[in-house]
Protein chains: 2
Amino acid sequence: MFPPPPSRPLRVARKQPSPRTLHSAEIELLQQHSLTSLVQRELERQIVSGELASGAKLNEADIAGELRVSRGPVREAFRALEQAGLVRLEKNRGVFVRQVSLEEANEIYEVRAALDGLIGRLAARRIRPEQLARVRAIVKRMHAVGRARDADAYFPLNLEFHEVLAEAAGNRALRANYRRVVNELDLFRRETLVRNAQNIPISTRDHEAILNAVVKGDSALAERLLFEHVINSRERLHLALKNPPARAPRSARKAA
Amino acid sequence: MFPPPPSRPLRVARKQPSPRTLHSAEIELLQQHSLTSLVQRELERQIVSGELASGAKLNEADIAGELRVSRGPVREAFRALEQAGLVRLEKNRGVFVRQVSLEEANEIYEVRAALDGLIGRLAARRIRPEQLARVRAIVKRMHAVGRARDADAYFPLNLEFHEVLAEAAGNRALRANYRRVVNELDLFRRETLVRNAQNIPISTRDHEAILNAVVKGDSALAERLLFEHVINSRERLHLALKNPPARAPRSARKAA
DNA sequence: AGATTGCGGATTGTTGACAATCTGCAATAT
DNA sequence: ATATTGCAGATTGTCAACAATCCGCAATCT
């Protein structure tokens, strides 16, 4: 096992006798973040992007070495990531990328449905014109992608659709909670790797109906449609898991 | 400023040559928790109990000294508490017990309403007999306390009522999210110190109606009633803030 | 007088070292 | 052959020291 080539260091050069003039914005931005927060962000990125597989073990020393940082900030980042639901800590054993079981995912889906319902209710009333334009554009692209049965292209569009609506709801607490829940569900989806192109037309129809409700400002309808959309997504996921489409459905990877 | 008398140490005696026999349960329980998790739990307790006032500054060295622990575990606990929404970190400045503004509280109330709605929907279907008995008993005590206009006694009953329902919903992810949200709201309520005895009868009537819906297993009704109960609580809070009952309403304490 | 600059103490950020625990494997015993 | 014991290396938990930053106050300048 070779030590990976040390990637770009996170460190914000401690001593900065460099005469190069920094614009004040740059200075403040760099000074704002501690090493811990940078490590946290980087690990979060690697986890949600799938670079770090579900269930993978995170070695303190290795990560510290790769990011050119001592173990302290890494440990602090671990504590934050645990609260965020992205990793699991086992005392004296190590930390692992969280594995979300089907049962957990089912529960999380319900929470997400409730939050998405509220998002619909609020967004229908508060969405701003430029946000509405973005949603329209996304749905338009969904149609194109759907005709091509391109599941890989559809996936990020789906995320973006819901992201814009969450923003349009104009409630920061709601958005923060929503993000956390979606992150956890992504952990599960990444593990199961189920992306059924068959469902794209159904999903797109859902999105179109939601968009229409938001356009009309019908908050009750938008709420109901979004809630049901999430629950239906869950059911479609169950079906896909029972009838594995082509690839293996559940690679029950354990910790390394 | 005298150094506070060092309270009981958290430390789980490193070397334990003590011959006293420990029951296996004790051993496992102590070994399970790292100092970090114990510090975290202790600080969380102090914050939600109000021992640490909203906005108070938490000094690493002081806390470490009081708990007989080095600064490392304290810093790790801070990171976890930040993600839990209980403290705010300012780089190179320190950590402070989070202050929840009225605007934030309004947003959080909406999130709580959505989660409580889901709790009602699920609890109406899944509540078990002994949980139902507990809810009945709580509502009964609420009536007694309400007749006495005893706001201090009513407050914990209110918490317990919702806690039991959250448990009855039988969804761990929901319960975890709900707890976090309620914690944040408690932060706000503790700051405003509004406990209006006038509202007890109204609140109790709400709870009774919710209980009836749950008994009937009417999930749609329970969902609606719980959602509206939370929103109405928020409105009552607004009224109480506008018409300060007796004591000063908003003691805008800044950091120490 | 009011604003600015320059210490000095206090506090936070980071690091490396040490202690404790776990894991895997080999040696031994049954 | 199987189970148990006892290392040795690797990994995590904790700590104390060092570096960097911030804050308040006095000295200085305009």
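Being a predicted model, the structure only gives us computed values, none of them experimental. Lettering follows sequence order; numbering is per chain, from 1.
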Worksheet item: Looking at E90(A) and R88(A), does any basic side-chain N land under 4.0 Å from a carboxylate oxygen?
Response: yes

Worksheet item: Please give, in whole Å, the distance from dA19(C) P to N92(A) CG?
Response: 16 Å

Practice prompt. Measure from CG on L67(A) to C1' on dT14(C) and round the result to the nearest Å.
Written response: 15 Å

Worksheet entry | Sugar-phosphate only, base, or nothing, as touched by L89(B) at under 4.0 Å among non-hydrogen atoms | nothing

Worksheet item: How many Å lie between CD on Q40(A) and P on dG13(C), as a whole number?
Response: 14 Å

Discussion item. Both R93(A) and T36(A) contact DNA chain C. Taking the nearest nucleotide for each, which residue is further toward the 5' end?
Written reply: T36(A)

Response to the item:
note: K91(A), atom NZ; dC22(C), atom P; distance rounded to Å ~ 8 Å

Worksheet item: Quick one: which of dC15(D), dT12(C), dG13(D) gets closest to the side chain of E60(B)?
Response: dT12(C)

Worksheet item: Have S37(A) and R79(B) got a donor and an acceptor in their side chains that come within less than 3.5 Å?
Response: no

Worksheet, complete the sentence: Sorted by chain and number, sequence neighbours left out, salt bridge (charged side-chain N to carboxylate O under 4.0 Å, His left out) with R98(B) holds for E104(B), E184(B)

Discussion item. Distance check needed: dT14(C) C1' versus H33(A) NE2, whole Å only.
Written reply: 18 Å

Worksheet entry | DNA chain C contacts among residues 70-77 of chain A, heavy-atom distance under 4.0 Å | S70(A), R71(A), G72(A), P73(A)

Worksheet item: Nearest-Å distance, CG (L58(B)) to P (dA10(C))?
Response: 20 Å

Practice prompt. Establish, with yes or no, whether the OP1 or OP2 oxygen of dT12(C) is under 4.0 angstrom from a side-chain nitrogen or oxygen of N59(B).
Written response: yes

Fill in: Any residue meeting ring pair (Phe, Tyr, Trp, His ring centres under 6.0 Å) with F161(B), in chain and number order, not counting sequence neighbours
H207(B)

Worksheet item: With R41(B), which residues qualify under salt bridge (charged side-chain N to carboxylate O under 4.0 Å, His left out), at least two apart?
Response: none

Worksheet item: What integer distance in Å separates L35(A):CG from dT12(C):P?
Response: 17 Å

Practice prompt. Compare side-chain N and O positions of K57(A) against OP1 and OP2 of dT12(D) and report whether any pair is under 4.0 Å apart.
Written response: yes

Fill in: Partners passing salt bridge (charged side-chain N to carboxylate O under 4.0 Å, His left out) against E82(A) (at least two apart in sequence or in another chain)
none

Worksheet entry | Partner residues of R172(A) under the salt bridge (charged side-chain N to carboxylate O under 4.0 Å, His left out) criterion, sequence neighbours left out | none

Worksheet item: Whole Å only: how far is the CZ atom of F78(B) from the P atom of dT11(C)?
Response: 13 Å

